[in-house]
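Some notes on the structure that comes next.
Read the numbers this way: they start at 1 and go in the same order the structure lists the ligands and their atoms.
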Amino acid sequence: MKLKIAIQKSGRLNEDSVKLLKECGIDFSNSLNKLKTDVTNFPLEILFLRDDDIPQYVADKVADIGIVGENVVAEKQKEVKTLEHLGFGKCRLSIAIPKDKRYGGLKSLNGTRIATSYTNILAAFLKRNKIKAEIHEISGSVEIAPGIGLAEAICDLVSSGSTLFTNGLKEAETIMKSEAVLIANPKLNKQELAIVNKLIFRIQAARKAKKNKYILLNAPNKNLDKIISLIPGMKSPTILPLADKGWSSIHSVVLEDEFWEVIEKLKAYGAQGILVIPIEKMVI
Ligand code: PRT
Ligand code: ZN
């Protein structure tokens, strides 16, 4: 049996979704005009769909699992389970107003018209905050609404902020943060869940590998303890004596985020010949 996964056919999440599956060792051809494709080395079939349709298809079990933005999951309100955050497609859903208007807090949105394609999320946000505003549903180019007199504010996705900027708008409130997630039909059977878990295991290994680097260095034995405490690695670092007495070679793993800070301290403790190497997969 095969599990069906829905990913975006084209658009902002397509490339990273394909990349993630390939990093999980899943082999397939992704020609642009295909609706679906078979995987030969993993029990998976890939469906290429519009992102807006993915929650519905997963809820209806046309696909068993899917990769889609949290924003779409929240907006569509379908019966799906979020299994895993995937770390790409990061953005936020924000309310924006004209740059030259002073923002007087949430209350100042009372009585305004807000243009959006995220009507459900926005309605829930306004209700939660007891704001009475009119929601104008538009499906594309939301950012032009204030300029053409359709609304006083908009609610749309923002990543770099340049779209808002070029349209004379500024962010006033962030309603939600979003990234791509793996969603699943809530009623998968045992066999299907076993395949999902296998996939999640691979996703986690690939993501962990990206967050870490393999590090090799030569350290003076007198500072070995201090150096080891800086790079404790997965269990503990590997230490090998060098032919040069008084020196050891240390192999370990460091977090990408802490990398530069750690390197500086290692150098201060006399570490030399520091090599840092990307890790392909990481299983702890
Ligand atoms: O054809 P299909 O329906 O599948 O695609 P789509 O056009 O509806 O979606 P697409 O490909 O634009 O976005 C897919 C998903 O990417 C979204 O649902 C989000 O989860 C995620 N994502 C991440 C974004 C952005 N960043 C983003 N910046 N989706 C849209 N945008 C748009 C935003 O709407 C605005 O128009 O980019 C503009 C703002 O970007 P900045 O960088 O100028 O702030
Ligand atoms: Zn879409």
Exercise for the section: Decide whether F88 and I7 are clustered together by the hydrophobic rule: side chain heavy atoms of Ile, Leu, Val, Met, Phe, Trp, Tyr closer than 4.5 Å, transitively. Expected result: yes
Problem - Electrostatic pair K101-E152, nearest N-O below 4.0 angstrom - result: no
Exercise for the section: Considering only NZ, NE, NH1 and NH2 on the basic side and carboxylate oxygens on the acidic side, decide whether R92 and E171 come within less than 4.0 Å. Expected result: yes
Exercise for the section: At a cut-off of 2.8 Å, list the protein N/O/S atoms near the Zn ion (ligand 2), residue plus atom name. Expected result: D51 OD1, D52 OD1
Fill in the blank from the handout: For F201, the hydrophobic cluster (side chain heavy atoms closer than 4.5 Å, chained through members) also holds V283
Handout entry: salt bridge (charged side-chain N to carboxylate O under 4.0 Å, His left out) between D51 and R12, intermediate numbers included
Key = CA-CA 10 Å; D51 67 343; R12 283 186 166 82; over 6 Å; no
Exercise for the section: Tell me whether the guanidinium CZ or amine NZ of K2 lies under 6.0 angstrom from the six-membered ring centre of F42 and within 45° of its axis. Expected result: no
Problem - SB check K78 D60 (cutoff 4.0 Å) - result: no
Handout entry: E15 CD: over 12 foreign heavy atoms closer than 6.0 Å
Key = no
Exercise for the section: Could you pull out every protein residue that has a heavy atom closer than 4.0 Å to ligand 1, ordered by chain and then number? Expected result: Q8, S10, G11, R12, L13, R50, D51, D52, G69, N71, V72, G89, K90, C91, D156, L157, V158, S159, S160, G161, S162, T163
Exercise for the section: Could you tell me which residues satisfy side-chain hydrogen bond (donor to acceptor under 3.5 Å, both in side chains) with S236, sequence neighbours excluded, listed by chain and number? Expected result: none
